[in-house]
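Chain A is the first sequence line, chain B the second, and so forth, proteins listed ahead of strands; every chain is numbered from 1. What you see is a predicted model, and the numbers here were worked out from it, not measured in a lab.
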2 protein chains.
Amino acid sequence: MKKRITLADVASAAGVSLMTVSRAINNKPGVGEDMRLAIVKLAEELGYQPNQIARSLATNFTTTVGLVVPDNTNPFFAQIARGVEDTAYKQNYNIFLVNTGENPAREQAALDSLWQKGVDGLILCSSRLPGESLEIEFSRFPAVVLINRELKDPVAHAITINVDDRRGAHRAIKYFREQGRQHIAYIDGPATSLSAKRRLEGYQSALEEAGIGFEPDLVECCAPDTEGGRIATASLIARAPKIDAIYCFNDLVAVGAIQMVRESGKKVPEDIAIIGVDDIPLATIIRPQITTLHVNLRHIGRLAMRTLLDVIEGGSSATAIQIEPVLVVRESA
Amino acid sequence: MKKRITLADVASAAGVSLMTVSRAINNKPGVGEDMRLAIVKLAEELGYQPNQIARSLATNFTTTVGLVVPDNTNPFFAQIARGVEDTAYKQNYNIFLVNTGENPAREQAALDSLWQKGVDGLILCSSRLPGESLEIEFSRFPAVVLINRELKDPVAHAITINVDDRRGAHRAIKYFREQGRQHIAYIDGPATSLSAKRRLEGYQSALEEAGIGFEPDLVECCAPDTEGGRIATASLIARAPKIDAIYCFNDLVAVGAIQMVRESGKKVPEDIAIIGVDDIPLATIIRPQITTLHVNLRHIGRLAMRTLLDVIEGGSSATAIQIEPVLVVRESA
DNA sequence: CTGCCCGACGTTAGCGCTAACTTATTGTAT
DNA sequence: ATACAATAAGTTAGCGCTAACGTCGGGCAG
C-alpha cells in the first residue's frame, strides 16, 4: 500500500504554504492565477488526492448520502437506486446503500450508522418506521427525501415523493369503461401495503364516478406474486362468473391472472381484459403482452437525488411530489 | 438540526477525562468495570453517537467498503450486492455502491472517489479496467475482491471470485448426452463477454470429451436477451435442422429459443431440449419451466464480503475462488 | 508623498477522536 | 516496611484539512 500524499507534501514541493495549495485545489479566491495553475499541475504530477475524511471533519460536509431501501434486489428499488446513483455521481456524491429487509430495528440501526458517518442527506424508501421515529430522524439529518410514504404535516427539509396510485387505478378503470367493460374486478395486494390501500381507493372512486356501484365481491386480496394472482383469479371467477375485466395489484399478479383465466377456458382480452402495474420486463415477454401502468422509477431516483441536493443547499423547493403513472396499452386489455 | 454530542460533552458530564470515556465506549482496557458501565449508561442517556469521521481520521479505518458494479439494476449484481450488504451490516460496515455503466472512465473515477473516502476495501464486479490499471488499484487499496474477472498472476491482498462457467457448460452438455441428444447447439452471448468465452470453452471440451466433434455451424452468437435468442434459434434451425438440444447463454435467451422452437412447429423438450443459465425468476414462471444452471449469487456476495474482511484483518486465505453452478432440472430439458 | 484598500499569501487554531506516553493508586511479594 | 508490578486514570500530540484572521506590498486617489 503506497503512502498517501498530503497537502503538506504538495506544499513543500511547491515551496508555498499549506493554505495556498488548499485554495488552489479548491478553486477558492486568494491565489494568483499562474500560481494556481502551477500548483494544480504539480499536485497532479505527485498524484495528490484529497483526503475526504479530513476535509469532512473540517467542513462538516461529506458529499455522501444514505439510501435506505427494504431490498435492493427488488427491481422497484433497484431502478430507483440506479437513478439516485446516476445523479449522485454527476455531482461527485457517493451513496451508502443500506437494506432493511422490512425490519424496523435494522432500519433504525442503519439510520444510526449513517448518522455516525455524517451523511449530508438521506433518501428513505418505503420506511416501516412509526411516524414519531421519523420525526426524530428529520430533526437530526440535514435533509431527507421520503419515497413511497406520506406525511401528515409538512416538515422542514423533508420532502416526500409518491407514486399517485389512486390516479393510476382511476386511469385503468376508466380505460376498462371506455372499452365497454361492465364487471370490473380488482385483485389487491397485502392489506398492510400503503400502495394497496391507495389503489383500492382509486378503484372505488373510479367505479362510483362511472355510476357503477362498488361491489366488495369483486375485490380479492392476495400475495403480490404469480401464484397469488392465480389463486385470487380462481376464486373471483368462481364467485362472480360475469366479470369481464381485472385490475391487478402488479404485473406478477397479472401473469397469474392471465394463466388462470385461460385455464378456465376464457380468452384474454376478449372475455376478460387484464391490466397490471409496474411494467416489469416480463410484461413484454409473455403473450399476451401485459397492458400495465408504467412509472419511470429511474427518473424518480434521479428526481429524489436532485431534490435532496436542493434541500442540502438550502433551496428547499416543493414539499410533496406526486408522480403520475402512465397507462401502456399492449395486448391484455 | 440538533447539536451533536461529543466525547467531551460526555466526559464533562461524567466528570472524567476524554480518554476514559473513549476507552469505556470502545471496550478497551484501562477503565474500571463499574466506571465503564456508568459511562456507557450516561452516554446512552445523553444520546451520544460517536463521530465516525473523527474516528476514521485518527485510526485510518472507516468500517466502510466500496462495491463497484456495472449496473445495480441487473439482477445478477443486485443479488450480489444484497449478499455483500447483508454481511457488511452484521459486521457494522457500510457499503458505498457505485455503478460504472460499463464505462471504464466512470469506473476509474469511482475508484478515485472511493479511495479519497478512505474505504477499507473494495469489491469490484466485472471490471472493465485494463490489467495494468487494476494493478495500480491493488497497490493503493488495502484489500480488493474481484468478482467475475481473472488475474494472470496472484496478487497480495487481492482475491478473485469467479463462477466456473467452463464446468457449468460441461455439466449441461453432459446432461444432454446422458439423455441421448446427438446434435447439441450453443447460443453464445456477446463475443466481448468473459463468461461467454468460458462457456464456449466448456461446451467445446465437453463435446470433445464425449467423442463428438465440435461443429462451428452449431454455434451462434447473439444479444443476451429474449429477442437475441429468437433470432439465433431461427438461424440455427434453418442451418442445421437436425439439432435436438440447445445450450443457451442465459435464461432470457432460452425463453427466446423456446418461443422460436415452438413457432417452427417443434416441441420442447421432446424435439429440442433447452438449458439456460442464471435461474432467473422467470425460469419458473413460463411454461415449460426452464432447466438451468443455478448459482447462489447472494451467497457469492456474502462470501466476497467475508473474504474481504479476512484480507483487511490480515488473514488472507485463498487467492482465487471458483463457484460451481448447479444444474436445476425442470421441464425444458 | 501619504494614507488606504485590496489581492496574494502565511499563520494559527481547531474539527472529534485515538495512540502513546505520563502519573496516581492499589495490591503483593520480600 | 520497601520495592515493584499492575491497574486506572489523565495529558499530550496529531490524523489532514479548512475557517478565520494576520501580514505584506503595490496601486491609486488626494
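A salt bridge does not link B/Glu33 to B/Arg23: none of the charged nitrogens lies less than 4.0 Å from a carboxylate oxygen.
With rounding to whole Å, A/Arg4 atom CZ is found 20 Å from D/dG14 atom P. For the pair A/Gln116 CD and C/dC17 C1', the interatomic distance rounds to 13 Å; values are reported in whole Å. Between the CD1 atom of A/Ile53 and the C1' atom of D/dC17 there is a distance of 12 Å, given to the nearest Å. We find that CZ of B/Phe61 is positioned 23 Å from P of C/dG16, with the value rounded to whole Å. A straight line from CZ of B/Arg55 to C1' of C/dA19 spans 14 Å, rounded to a whole angstrom. Summarising the geometry, the separation between CG on A/Asp9 and P on D/dG16 is reported as 9 Å, rounded to the nearest angstrom. We find that CE of A/Met19 is positioned 16 Å from P of C/dG14, with the value rounded to whole Å. In this structure, the CD atom of B/Gln49 is 15 Å from the C1' atom of C/dG16, given to the nearest Å.
Along DNA chain C, the nucleotide nearest B/Leu57 and the nucleotide nearest B/Lys28 are compared for position; the residue whose nucleotide lies closer to the 5' end is B/Leu57. Comparing B/Ala58 and B/Met35, the nucleotide of DNA chain D nearest to each residue sits closer to the 5' end for B/Met35. When the nearest nucleotides of DNA chain D are assigned to B/Ala54 and B/Leu18 by heavy-atom distance, the more 5′-ward of the two goes with B/Leu18.
Taking 4.0 angstrom as the limit, B/Asn51 places none of its side-chain polar atoms (N or O) nearer than this to OP1 or OP2 of C/dC15. Proximity of A/Asn60 to the phosphate of C/dC15: no side-chain N or O atom is located under 4.0 Å from OP1 or OP2. B/Thr59 has no side-chain polar atom (N or O) that falls below the 4.0 Å cut-off from OP1 or OP2 of C/dC17. A close approach under 4.0 Å does not occur between any side-chain nitrogen or oxygen of B/Ser56 and OP1 or OP2 of D/dC15. OP1 or OP2 of D/dC17 sits under 4.0 Å from a side-chain N or O of A/Tyr48.
The cationic group of A/Arg55 does not satisfy the cation-pi geometry with A/Phe61, failing either the under 6.0 Å distance to the six-membered ring centre or the 45° limit from the ring axis.
The 12-atom threshold is exceeded at CG of A/Asn26, counting heavy atoms of other residues, nucleotides or ligands nearer than 6.0 Å.
Defined by atom type and a distance below 3.5 Å, a donor-acceptor pair is missing between the side-chain atoms of A/Ser133 and A/Gln108.
The nucleotide whose nearest atom lies closest to any side-chain atom of A/Thr20 is, among D/dG16, C/dC9, D/dG14, C/dC9.
Note: A/Phe96 and B/Phe96 have parallel aromatic rings, judged against thresholds of 30 and 60 degrees for the angle between ring planes.
Contacts of A/Gly30 with the nucleic acid, taken as non-hydrogen atoms under 4.0 Å apart, include base atoms. Counting any heavy atom pair closer than 4.0 Å across all strands shown, A/Ser17 reaches a base atom.
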